[in-house]
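See structure below.
A, B, ... follow the sequence lines: proteins, then strands. Residue 1 opens every chain.
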2 protein chains.
Amino acid sequence: MPDATIPGSAKGERTRAVIAETALRLFRERGYDETTMRAIAAEAGVSTGNAYYYFASKDHLIQRFYDQLQTDHAVASAPTLATAESFAVRLAGVLHAWLEIARPYHSFAGSFFKTAAEPTSPLSPFSAESSPARDAGIALFRTVVQGSSATLDPQLRDDLPELLWIYHMGLVLFWVHDPSPDQRRTAGLIDRSVPMVDRIVRLSRTRLLRPVTREVLDLVRYLRS
Amino acid sequence: MPDATIPGSAKGERTRAVIAETALRLFRERGYDETTMRAIAAEAGVSTGNAYYYFASKDHLIQRFYDQLQTDHAVASAPTLATAESFAVRLAGVLHAWLEIARPYHSFAGSFFKTAAEPTSPLSPFSAESSPARDAGIALFRTVVQGSSATLDPQLRDDLPELLWIYHMGLVLFWVHDPSPDQRRTAGLIDRSVPMVDRIVRLSRTRLLRPVTREVLDLVRYLRS
DNA sequence: GTCTATAGTGGGATAGAC
DNA sequence: GTCTATCCCACTATAGAC
């Protein structure tokens with residue numbers, strides 16, 4: 001036996017991984033509702049009891065999917081973030097990157113989305129369990145802001161990444177409901193809304209709009225408190 | 001004509017109503033997940049099979065709840081709409097009215113909200129089955145706009161009600177996730193966001209913001225097409 | 001601590017007799 | 001239109017093997 005220091009732990013992690021990967025594969029092949037825990041366990045070569053030993057519920061298998069998606073998104077966004085300087089280009093690049101890496105999962109995302117939408121669910125993007133993925137998402141948008149050539153109100157510079165993440169969540173909501181082939185309408189929505197966001201961010205420093213900017217920032221702080 | 005011509009139909013409608021009312025009562029008393037179809041059927045004095053004869057699924061029982069809420073909302077909004085002239089006051093009145101009539105259902109709304117969020121669900125506010133409720137909602141906001149003293153760009157005047165309905169859906173989303181007592185944070189969100197909306201609507205006609213207004217309206221039309 | 005096997009519960013949904 | 005009987009599956013419980 002290799003590894004006597006943490007007995008079984010390595011093996012356990014491998015079993016956990018096998019179950020998670022099998023589940024994800026079956027979800028993609030058959031859809032979420034059509035994939036039973038029995039089938040996942042059988043296909044992974046473990047007992048159903050064992051599957052439940054590692055994952056508290058069928059829903060918990062999706063947490064893996066989130067983390068995977070988040071990692072892939074960061075990787076797919078890297079080229080844009082490394083080269084583009086314009087805020088609008090960086091933002092559009094990151095959003096389109098998400099669209100591309102998420103595309104293969106569109107049909108099955110729809111079927112488990114309901115679970116994520118439930119307030120008490122650990123899969124909700126607003127839940128405590130999701131805070132690592134959420135923080136990673138906000139961090140990505142922080143990179144979008146910080147690397148851009150745009151000059152911003154300092155306070156807005158701090159809070160804008162969170163606002164952009166919420167904007168992204170709105171796009172995801174639209175995407176989930178988007179029946180068009182390859183979700184082209186969502187792509188269109190990005191292409192049409194990014195320039196608006198860009199323009200509004202630029203205008204936020206003007207005398208006319210500064211009061212609104214203040215109100216928005218106050219609101220963000222109120223909601224965080 | 002109210003008729004003896006369709007025999008049994010009246011009886012059927014009564015059975016349907018009894019089941020729906022029983023279900024709503026039990027949902028409020030015990031919560032959605034904790035109320036089984038067996039319990040609903042038993043309490044209503046019918047068999048479970050019969051309950052399924054009238055309602056294709058447990059979720060379908062909620063459609064009744066939607067309609068009820070929509071009707072109550074219109075009634076609760078009437079006083080404000082009959083008296084207030086300022087756009088901000090009318091909007092805030094209608095939104096707070098919703099908050100009040102929805103309050104008793106907050107805890108159970110959370111548990112079935114997931115169903116409504118599912119794209120393929122007939123309960124989704126964007127579904128074809130929900131279009132009557134959606135249209136009624138938009139009509140309510142049309143009254144908010146049309147009865148107000150504010151002067152608006154004609155095109156915006158046409159599309160603003162739909163935008164306000166979407167804004168309302170956003171507030172509902174927040175409300176569902178709001179754990180504060182009596183959902184006070186949602187009330188705070190309304191109080192802080194309505195002045196912003198009001199200000200932005202006023203500013204939409206200024207030279208500086210007109211391009212953004214155009215873009216927003218183009219976007220709305222794109223999404224409708 | 002990791003895993004199997006098995007037996008069982010409860011609830012959404014359905015089939016088919018009447 | 002209404003019933004009874006049954007299916008299916010998520011999930012639990014448990015007892016024990018390595």
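Applying the 4.0 Å criterion to OP1 and OP2 of C:dT4, one finds that A:Asn50 has a side-chain N or O inside that range. Contact annotation: A:Tyr53 does not reach the phosphate of C:dT4 (side-chain N/O to OP1 or OP2, under 4.0 Å).
Nearest approach of A:Ala39 to A:Arg30, heavy atoms of both residues: CB-NH1, 3.7 Å. Smallest separation of non-hydrogen atoms from A:Leu219 and B:Met196: CD2-SD, 4.0 Å.
Checked for salt-bridge contact, A:Arg221 and A:Asp218 meet the test: a charged N lies under 4.0 Å from a carboxylate O.
When the C1' atom of D:dT2 is taken as reference, atom CZ of B:Arg16 falls 15 Å away, rounded to whole Å.
Contacts of B:Phe141 classified as ring pair (Phe, Tyr, Trp, His ring centres under 6.0 Å), with partners at least two apart in sequence or in another chain: B:His168.
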Shorter than 3.5 Å, N or O on both sides, protein versus nucleotides 7-11 of chain D: list them out with atom names.
from   : atom 1 : to      : atom 2 : distance (Å)
D:dA10 : OP1    : A:Lys58 : NZ     : 3.4
D:dA10 : OP2    : A:Met37 : N      : 3.1
D:dA10 : N7     : A:Arg38 : NH1    : 3.4
D:dC11 : OP2    : A:Tyr52 : OH     : 3.3
D:dC11 : OP2    : A:Lys58 : N      : 3.0

- Item | Residues A:Phe108, A:Phe65; criterion ring pair (Phe, Tyr, Trp, His ring centres under 6.0 Å); working and verdict | CA-CA 11 Å; A:Phe108 117 78; A:Phe65 167 69; 5.1 Å; yes
